[in-house]
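Scroll down for the structure; my scribbles are underneath it.
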2 protein chains.
Amino acid sequence: MSIDRRSGCPINLSLEVFGDRWSLIILRDMIFGGRRHFRELLNFSLEGIASNILADRLKRLMELGLLTKADDPSHKQKAIYSLTEMAITLVPIMAQLGAWGRVWLPVSEELSIRAELLEKGGPPLWEQFMDELRHEHLGAPSKTPTGKPTVRQQLRAAYEAVVARKAEEIRPIKTEA
Amino acid sequence: MSIDRRSGCPINLSLEVFGDRWSLIILRDMIFGGRRHFRELLNFSLEGIASNILADRLKRLMELGLLTKADDPSHKQKAIYSLTEMAITLVPIMAQLGAWGRVWLPVSEELSIRAELLEKGGPPLWEQFMDELRHEHLGAPSKTPTGKPTVRQQLRAAYEAVVARKAEEIRPIKTEA
DNA sequence: TGCAACTGATTGCAATTTGCAATCAGATTG
DNA sequence: CAATCTGATTGCAAATTGCAATCAGTTGCA
């Protein structure tokens with residue numbers, strides 16, 4: 001799982017970075033799910049990543065410059081993983097991947113609502129999101145005005161609205177007449 | 001190499017389609033390199049794909065609906081592979097991948113000039129390119145006015161200009177004084 | 001006619017990668 | 001001081017990968 005340098009083509013090199021089944025999933029969970037710890041990534045993983053694979057990929061992503069690791073002051077054995085600028089600029093790729101998958105693949109409604117919102121928002125929303133990520137992970141000053149809902153909040157709200165609506169559809173009348 | 005349906009997340013499902021080292025490379029060569037035959041994909045492959053892997057991936061991409069296969073009238077054993085609409089709409093993803101790789105990875109100049117042109121052209125250029133691909137692969141009427149250079153011609157010209165310039169830099173004075 | 005080259009693959013095989021389950025030692029909590 | 005939580009590591013079976021050789025039918029050319 002290292003970089004082969006099979007060719008200097010940008011698409012090939014990008015594939016050598018995250019052309020496997022897990023690297024981009026981990027980055028997705030960090031970017032969209034706000035995960036920062038090993039256990040968060042392990043236990044809340046939708047796709048059920050194994051701990052050895054997670055450990056291997058985190059290490060690899062650090063070597064490649066997509067993640068950094070720091071001690072968590074609250075626990076001597078706890079590590080906090082942060083996205084680098086290199087990883088944050090994957091947001092447009094994630095958005096395009098999500099948009100494509102939503103059209104062509106059998107996505108579930110509650111999981112694709114975020115892709116839809118991100119697609120509708122377009123580059124300006126992606127920029128706002130990347131700005132927020134820089135604030136969270138790199139300590140950069142936030143350019144987003146306070147009060148304005150964060151992109152992650154918007155994504156979360158949209159997700160929960162779909163979940164709530166679907167629960168209502170299954171059980172339309174909760175209490176008896 | 002089948003679809004697991006690990007989760008209904010669009011990004012995950014997209015990864016299950018081309019989250020391997022070869023599928024997107026094959027599609028890249030068809031989209032940008034204009035390859036249509038097995039041997040073209042095999043012999044002109046920059047990354048040196050093996051014939052069994054190529055055969056396997058072509059089959060898989062057909063099963064997934066990204067490619068179709070037809071007989072070549074010129075040769076009874078020759079097959080022509082065509083992109084489907086599903087594959088053609090990968091152009092924006094390819095463009096983003098190329099743009100990201102160009103910034104963060106050790107790309108070679110002559111291979112990244114295409115990514116640069118595609119990035120500069122933005123969505124309008126991508127649309128024109130997809131229109132041309134629909135014309136080539138799906139027999140759709142071309143909306144691009146005749147006379148206007150095709151995107152593939154532009155990409156090719158840009159590539160050759162870089163190669164020529166680099167040759168000149170290495171050997172600045174060809175003939176003796 | 002005859003033979004080499006070309007067509008799109010397939011097969012055998014060794015090496016690598018994968019994912020599951022169990023385990024680890026140190027840190028913290030109750 | 002025992003249970004739990006931390007980020008891993010190890011053993012192992014199964015799957016995947018890529019290289020090399022091979023295949024049978026088709027074609028071009030002498």
Side-chain angles (χ1 to χ4, degrees), chain A residues 1-7 12 15-27 29-30 33 35-64 67-82, chain B residues 1-7 12 15-27 29-30 33 35-64 67-82:
Chain A
M1 284 275 22
S2 60
I3 294 280
D4 286 341
R5 306 277 280 101
R6 300 185 296 187
S7 83
N12 172 58
L15 270 184
E16 295 198 21
V17 170
F18 39 74
D20 75 284
R21 307 276 265 202
W22 293 112
S23 298
L24 212 60
I25 292 291
I26 294 169
L27 292 166
D29 285 349
M30 291 189 66
R35 315 251 195 277
R36 305 293 295 267
H37 301 288
F38 189 93
R39 283 289 148 178
E40 286 176 343
L41 287 162
L42 187 66
N43 295 339
F44 301 147
S45 164
L46 267 179
E47 288 83 13
I49 190 169
S51 63
N52 56 340
I53 307 286
L54 176 58
D56 179 81
R57 292 304 187 279
L58 286 173
K59 191 175 143 212
R60 183 169 179 271
L61 289 171
M62 284 190 287
E63 285 166 2
L64 290 171
L67 297 179
T68 58
K69 183 178 169 179
D71 292 338
D72 185 330
S74 78
H75 190 302
K76 282 228 175 86
Q77 274 188 318
K78 222 165 171 176
I80 302 182
Y81 292 92
S82 296
Chain B
M1 284 280 16
S2 60
I3 293 280
D4 286 341
R5 305 276 279 102
R6 301 185 296 187
S7 83
N12 172 58
L15 270 184
E16 294 197 20
V17 170
F18 39 73
D20 74 285
R21 307 276 264 203
W22 293 110
S23 298
L24 213 59
I25 292 290
I26 293 169
L27 291 166
D29 285 347
M30 290 189 66
R35 316 253 194 275
R36 304 293 294 267
H37 302 288
F38 190 93
R39 284 289 149 176
E40 286 176 344
L41 288 162
L42 187 67
N43 295 339
F44 301 148
S45 164
L46 267 179
E47 288 85 10
I49 191 169
S51 63
N52 56 340
I53 307 285
L54 177 58
D56 179 81
R57 291 305 187 281
L58 286 172
K59 191 175 144 213
R60 183 169 180 270
L61 290 170
M62 285 191 285
E63 287 166 1
L64 290 172
L67 297 180
T68 58
K69 182 178 169 179
D71 291 339
D72 185 329
S74 79
H75 189 302
K76 282 223 177 90
Q77 274 189 319
K78 223 166 169 175
I80 302 182
Y81 292 92
S82 297

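Computed from a prediction, not measured in an experiment: that's the story for all the values here. In the text below, chain A, chain B and the rest are named by the order of the sequence lines, each starting its count at 1.
Salt bridge annotation for B:D20-B:R57: present, with a cationic side-chain nitrogen under 4.0 angstrom from a carboxylate oxygen.
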A:R36 and A:Y81: CA distance, side-chain angles, deciding distance, side chain to side chain contact (heavy atoms under 4.5 Å, CB included) verdict: CA-CA 5 Å; A:R36 305 293 295 267; A:Y81 292 92; 5.7 Å; no
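Rounding to whole angstrom units, CZ of residue A:R57 and C1' of C:dT18 are separated by 8 Å. The CG atom of A:D20 sits 14 Å away from the C1' atom of D:dT17 (whole-angstrom rounding). Atom CD1 of B:I25 and atom C1' of D:dG18 are 15 Å apart (whole Å). We find that CD1 of B:I53 is positioned 8 Å from P of D:dC19, with the value rounded to whole Å. The CZ-P distance, from B:R39 to C:dA9, rounds to 10 Å in whole Å. The distance from atom CZ of A:R21 to atom P of C:dG19 is 8 Å, rounded to the nearest whole Å. For A:L54 and C:dT18, the CG to P distance is 14 Å, given to the nearest whole Å. Atom NZ in B:K78 sits roughly 13 Å away from atom C1' in D:dG28 (whole-Å rounding).
The nucleotide whose nearest atom lies closest to any side-chain atom of A:A50 is, among C:dG19, C:dT10, C:dA22, C:dG19. In the set D:dA8, C:dA9, D:dT6, the nucleotide with an atom closest to the side chain of B:K69 is C:dA9. With D:dC19, C:dG8, C:dA21 as the choices, the nucleotide that has an atom nearest any side-chain atom of B:N52 turns out to be D:dC19.
Across the interface with DNA chain C, nearest-nucleotide mapping of A:W22 and B:E40 shows B:E40 to be the residue nearer the 5′ end.
Without hydrogens or angle criteria, B:R60 side chain to B:V17 main chain gives a donor-acceptor distance under 3.5 Å. Side-chain atoms of A:H37 come within 3.5 Å of backbone N or O of A:A79 as a donor-acceptor pair.
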